[in-house]
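For the single chain, residues carry numbers from 1 onward in sequence order.
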Amino acid sequence: NSGVDYLILDGLIIDADNLADSALIVENGASHIRFQNGQLRNGRLSTAYVENSNNIEILTSTIENTQSFPIIQIQGTAQNAVIQGNTIRNSTASNAILVGSNASNPSIKKNFVSNAGGSAEASIDVSADGADVINNMLWGCYAGLRWRSGSDNAEIYNNTIYGYHYRDWE
């Protein structure tokens, strides 16, 4: 968290089943943190939560089972977050990935997303400027992609949306 820079977490399994919080929390100005080749599960809030931190990467991992918030949530002034090559699944109440309006330049690429969105949310919901959402597979979710006003300079292409329950673009 605060003051932590240049940290690689490789091959860890973090299960938040008995906690009242997230499995991974990066906040308060941390930078250059990488979680890779691991598993994050059972967040009571978001399973992975990033706020006010830069250059955070979640790579080639399984992130699953969130009870009431997005599986991965990027908020505050987070810049240059990378969510790539992951399997993201099982959020019966909210989004798979939510990027807030004060964040910038998130990169969301080559993820497989399933069973997310509950009964009213898009799988990937972005309000940030400079977002890249490329080559993701969204399967069996409530809805596909949602772009909100204020998300300028986005690159969105080659995403596959299949088996959705309501709508695929808003």
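Pairing each heavy atom of R41 with each of A23, the nearest pair is O-CB, 4.0 Å. The minimum heavy-atom distance linking S61 with I63 is given by the pair O-CD1, 3.9 Å. Pairing each heavy atom of A131 with each of V126, the nearest pair is CB-CG1, 3.7 Å. Taking both residues in full, the closest heavy atoms of I56 and A30 are given as CD1-O, 4.1 Å, listed atom of the first, atom of the second, then distance. The two atoms that bring N159 and V133 nearest to each other are ND2-O, 2.9 Å, heavy atoms only. Here the shortest heavy-atom pairing between S46 and T66 reads CA-CG2, 4.0 Å.
A donor-acceptor pair under 3.5 Å links the side-chain atoms of N54 to the main chain of Q79, judged by distance alone. With hydrogens and angles disregarded, no donor-acceptor distance shorter than 3.5 Å links the side chain of N136 to the backbone of V113. In this structure a side-chain-to-backbone donor-acceptor pair under 3.5 Å is present from N86 to T60. Formation of a donor-acceptor pair under 3.5 Å by the R146 side chain with backbone atoms of E121 is not found in this model. The main-chain N or O of D17 is found under 3.5 Å from a side-chain atom of D15 such that the two form a donor-acceptor pair. In this structure a side-chain-to-backbone donor-acceptor pair under 3.5 Å is missing from S123 to I97.
Going from atom OG1 of T47 over to atom CD1 of I25 covers 11.0 Å, rounded to the nearest 0.5 Å. One distance of note links CD1 of I161 with CG of L145; it measures 4.0 Å at 0.5 Å rounding. Rounded to the nearest 0.5 angstrom, Y157 OH and I134 CD1 are separated by 3.5 Å. Distance CD1/I83 to OG/S107: 8.5 Å, rounded to 0.5 Å. Remark: Q36 CD to I58 CD1 distance equals 12.0 Å, nearest 0.5 Å. Put simply, OG on S114 and CD1 on I88 are 9.5 Å apart, with the number rounded to the nearest 0.5 Å.
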Derivation of the side-chain hydrogen bond (donor to acceptor under 3.5 Å, both in side chains) call for D129 and N153 | CA-CA 6 Å; D129 282 339; N153 304 312; 5.5 Å; no
Would L98 and Q75 count as a side chain to side chain contact (heavy atoms under 4.5 Å, CB included) if you check the C-alpha gap in whole Å, the side-chain angles of each, and the deciding distance to 0.1 Å?
-> CA-CA 8 Å; L98 175 67; Q75 294 290 356; 3.6 Å; yes
Decide yes or no on side chain to side chain contact (heavy atoms under 4.5 Å, CB included) for R148 and D125, but give the supporting numbers first.
-> CA-CA 8 Å; R148 298 176 187 259; D125 189 332; 2.7 Å; yes
Passes side chain to side chain contact (heavy atoms under 4.5 Å, CB included), R89 versus T62? Steps please.
-> CA-CA 8 Å; R89 61 184 176 215; T62 299; 3.7 Å; yes
Show your working on side chain to side chain contact (heavy atoms under 4.5 Å, CB included) between N135 and K110 and close with a plain yes or no.
-> CA-CA 5 Å; N135 292 329; K110 299 180 181 178; 4.0 Å; yes
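The side-chain heavy atoms of F35 and V26, taken from C-beta on, include no pair separated by under 4.5 Å. When side chains are defined from C-beta on, N52 does not count as touching E27, because their heavy atoms never get closer than 4.5 Å.
Cluster membership check: I156 shares its hydrophobic cluster with I72, using side-chain heavy-atom separations under 4.5 Å among Ile, Leu, Val, Met, Phe, Trp and Tyr. Under the 4.5 Å side-chain contact rule for hydrophobic residues, V4 and L9 share a cluster. Residues L19 and Y49 are members of separate hydrophobic clusters, defined by side-chain heavy-atom contacts under 4.5 angstrom among Ile, Leu, Val, Met, Phe, Trp and Tyr. Grouping the Ile, Leu, Val, Met, Phe, Trp and Tyr side chains by contacts below 4.5 angstrom, directly or via other members, places I71 apart from M137. Linking ILVMFWY residues whenever their side-chain heavy atoms come closer than 4.5 Å, directly or via other members, leaves F69 and V99 in distinct clusters.
Considering I108, D132, L59 as possible partners of Q84, the one that fulfils the side-chain contact (heavy atoms from CB on, under 4.5 Å) test is L59. Between S31 and the choices D5, N80, N55, the side chain to side chain donor-acceptor pair (under 3.5 Å) rule is met once, by D5.
A side-chain donor-acceptor contact under 3.5 Å links N42 and N65.
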